[in-house]
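We count residues from 1, following the sequence as given. This structure is a prediction, so every number in the text was calculated from the model and none was measured. Both counts, for ligands and for their atoms, begin at 1 and track the order of listing.
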Amino acid sequence: MHSQPPGPTAAKELFSLRGKRALVTGSGQGIGLTLARGLGAAGAELVLNDLDPARLEQAVATLRGEGLVVTGRRFDVAKAEEVGPAFVELERTVGPLDILVNNAGIHRRAPLETMPAASWQAVLDVNLTSAFLVTRAVASGMIERGGGKIINICSLNSELSRPTIANYAAAKGGLKMLTRAMAVEWGRHNLQANGIAPGYIRTDMTGGLVVDPEFDRYIRARTPAGRWGEPRELVGAAVFLASRASDFVNGQILYVDGGLLASQ
Ligand SMILES: NC(=O)c1ccc[n+]([C@@H]2O[C@H](COP(=O)([O-])OP(=O)(O)OC[C@H]3O[C@@H](n4cnc5c(N)ncnc54)[C@H](O)[C@@H]3O)[C@@H](O)[C@H]2O)c1
């Protein structure tokens, strides 16, 4: 008979984030805001981040109004000179982080043969380099404290591309491999780094596509679920990957895509 490892087994305890502090980048709206709300509902204290101060202030007020414990910090996740000082201040005034969600992301669509170098660079900076910069700022403390959870918001485009998004696909493909690199390098310190790869989700980022009848038809036909996803449908994956329930899950990308990636 194998003995059972010690630890909680009741679902309520396994998935509880009580006593944990989580930072979600780019959480002024969209997927980030919804993930923050979900982590908060599971018990985590929250730190929101966004580039846009008004959006951030509104998001903090909204979640506080829902009874969650929330602070906000405005900084650009793609700028090393902003990330470093922001974390020194954050750890000093708010406290150490147990959970980091690298969610901030942007699109700059253009045909590859005429894509401006600035669009290439901006998308690489915000969708990929930011995860390196922010995680680097958080990881040493997590290693010292004996553990932590890192969740990188990847994409279907970590695996698949389509015309005009070469910069985004390169960045999200890179983020998938950065996730694996984090898992390999920090697994022995009890850090788990995993990715959530959303399919087509209705947010501001996809707003222009949702209202394009041709694209909308294409997504509904291409997705086995026959519809777009909603941000709240990513919350279960985030709570799982932030909680003790995933302590032996490392370097995985969880596709939450209505079955799209499984379909030819
Ligand atoms: N919407 C989808 O269908 C979809 C699918 C797959 C992956 N994703 C990914 O999910 C994440 C969130 O997307 P969304 O749809 O909620 O987008 P969104 O545009 O609605 O929200 C992104 C937020 O990030 C903030 N942000 C942008 N650059 C920043 C920076 N440099 N520093 C700090 N904050 C910054 C923006 O101000 C905005 O509030 C992104 O990484 C995106 O690539 C989205």
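- Contacts between Thr203 and ligand 1 below 4.0 angstrom, taking non-hydrogen atoms only, involve the side chain exclusively.
- The nearest protein atom to atom 19 (O) of ligand 1, hydrogens excluded, is given as Gln29 NE2, 3.5 Å; this is a heavy-atom distance.
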Quiz item: Step by step, would you call Leu97 with Leu90 a side chain to side chain contact (heavy atoms under 4.5 Å, CB included)?
Solution: CA-CA 9 Å; Leu97 295 172; Leu90 184 66; 4.3 Å; yes
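- For ligand 1, the polar-atom distance check against Ser155 finds no nitrogen or oxygen pair separated by under 3.5 Å.
- Near Ile201, meaning under 4.0 Å from any of its heavy atoms, are these atoms of ligand 1: 1 (N), 2 (C), 3 (O).
- Here the protein heavy atom with the shortest distance to atom 28 (N) of ligand 1 is Val126 CG1, 3.7 Å.
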Exercise. Show your reasoning for whether salt bridge (Lys or Arg N to Asp or Glu O under 4.0 Å) applies to Glu233 and Arg227.
Key: CA-CA 12 Å; Glu233 295 182 285; Arg227 61 176 177 83; 2.7 Å; yes
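- Residue contacts with ligand 1: Trp228 is excluded, as none of its non-hydrogen atoms falls under 4.0 Å.
- The option with the heavy atom closest to atom 7 (C) of ligand 1, from among Cys154, Ala171, Ala131, is Cys154.
- The proximity of Asn49 to ligand 1, defined as any non-hydrogen pair under 4.0 Å, is limited to the side chain.
- Ring geometry, Phe215 versus Trp228: the interplanar angle falls from 30° to 60°, so the pair is classed tilted.
- Close contacts of ligand 1 with Ala104, meaning ligand atoms under 4.0 Å from a residue heavy atom, involve 34 (N), 35 (C), 41 (O).
- If you look at His107 next to ligand 1, there are no close heavy atoms at all, none under 4.0 Å.
- A salt bridge does not link Arg244 to Glu13: none of the charged side-chain nitrogens sits closer than 4.0 Å to a carboxylate oxygen.
- Atom 24 (O) of ligand 1 has its closest protein heavy atom at Gly26 CA, 3.4 Å.
- Inclusion of Val77 in the set of residues having an N or O under 3.5 Å from an N or O of ligand 1 is warranted.
- With hydrogens left out, the protein atom closest to atom 38 (C) of ligand 1 is Arg55 NH1, 3.3 Å, a heavy atom.
- The backbone N or O of Val47 lies less than 3.5 Å from no partner atom in the side chain of Arg21, so there is not a single donor-acceptor pair.
- Closest to atom 10 (O) of ligand 1 among all protein heavy atoms lies Ile153 CG2, 3.4 Å.
- The nearest pair of heavy atoms linking Val256 to Ala237 is CG2-CB, 4.1 Å.
- Heavy atoms of Lys79 found under 4.0 angstrom from ligand 1: none, in either backbone or side chain.
- Here is the list of ligand 1 atoms found below 4.0 Å of a heavy atom in Asn103: 10 (O), 11 (C), 12 (C), 40 (C), 41 (O).
- Side chains of Asn194 and Ser246: a donor-acceptor N/O pair is absent below 3.5 angstrom, by distance only.
- Residues Val239 and Leu39 form a side-chain contact, since some pair of their non-hydrogen atoms from C-beta on lies under 4.5 Å apart.
- Closest heavy-atom approach to atom 22 (C) of ligand 1 among the candidates Ser158, Gly32, Gly105, Gly30: Gly105.
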Quiz prompt | Test salt bridge (Lys or Arg N to Asp or Glu O under 4.0 Å) applied to Arg74 and Glu82, step by step | solution = CA-CA 9 Å; Arg74 197 224 74 93; Glu82 291 192 24; 3.0 Å; yes
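- Every atom of ligand 1 with a heavy atom of Phe75 under 4.0 Å away is listed here by number and element: 32 (N), 33 (C).
- Ligand-side atoms of ligand 1 in range of Thr206: 1 (N), 2 (C), 3 (O), range being under 4.0 angstrom from any heavy atom.
- Classified by interplanar angle (parallel below 30°, tilted 30° to 60°, perpendicular above 60°), the ring pair Phe240/Phe15 is tilted.
- When only non-hydrogen protein atoms are considered, atom 16 (O) of ligand 1 lies nearest to Ile31 N, 2.8 Å.
- Residues Ile165 and His107 come closest through the heavy atom pair CG2-CE1, 3.8 Å.
- Here atom 37 (O) of ligand 1 lies nearest to Asp50 when heavy atoms of Leu51, Asp52, Asp50 are compared.
- Side-chain atoms of Leu63 and Arg37, non-hydrogen and from C-beta on, do get closer than 4.5 Å to each other.
- Of the protein's non-hydrogen atoms, Ile106 CG2, 3.9 Å is the one closest to atom 27 (C) of ligand 1.
- At least one side-chain heavy atom of Val101 sits under 4.5 Å from a side-chain heavy atom of Ile153.
- Judged by distance alone, the side chain of Asp50 and the main-chain N or O of Thr25 form no donor-acceptor pair under 3.5 Å.
- Salt-bridge annotation for Arg202 and Glu230: present, with a side-chain N of the basic residue lying under 4.0 Å from a carboxylate O of the acidic one.
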Exercise. Check the pair Lys149 / Asp247 against salt bridge (Lys or Arg N to Asp or Glu O under 4.0 Å), numbers first and verdict last.
Key: CA-CA 9 Å; Lys149 299 281 187 180; Asp247 276 355; 2.8 Å; yes
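- Under a 4.0 Å criterion applied to the non-hydrogen atoms of Asp76, ligand 1 contributes the atoms 30 (C), 31 (N), 32 (N).
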Quiz prompt | Test salt bridge (Lys or Arg N to Asp or Glu O under 4.0 Å) applied to Lys172 and Glu159, step by step | solution = CA-CA 8 Å; Lys172 293 296 191 183; Glu159 293 294 335; over 6 Å; no
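- Interface atoms of ligand 1 facing Tyr168, defined by a heavy-atom separation under 4.0 Å, are 6 (C), 7 (C), 8 (N), 9 (C), 42 (C), 43 (O).
- Of the candidates Gly199, Pro53, Gly207, the one placing a heavy atom closest to atom 5 (C) of ligand 1 is Gly199.
- Using a 4.0 Å cutoff on heavy atoms, Ser27 does not count as a contact of ligand 1.
- Counting atoms of ligand 1 from 1 in the listed order, those under 4.0 Å from a heavy atom of Pro198 are 5 (C), 6 (C), 7 (C).
- Nearest to atom 17 (O) of ligand 1 among the protein's heavy atoms is Met205 CB, 3.6 Å.
- Using a 4.0 Å cutoff on heavy atoms, Arg202 does not count as a contact of ligand 1.
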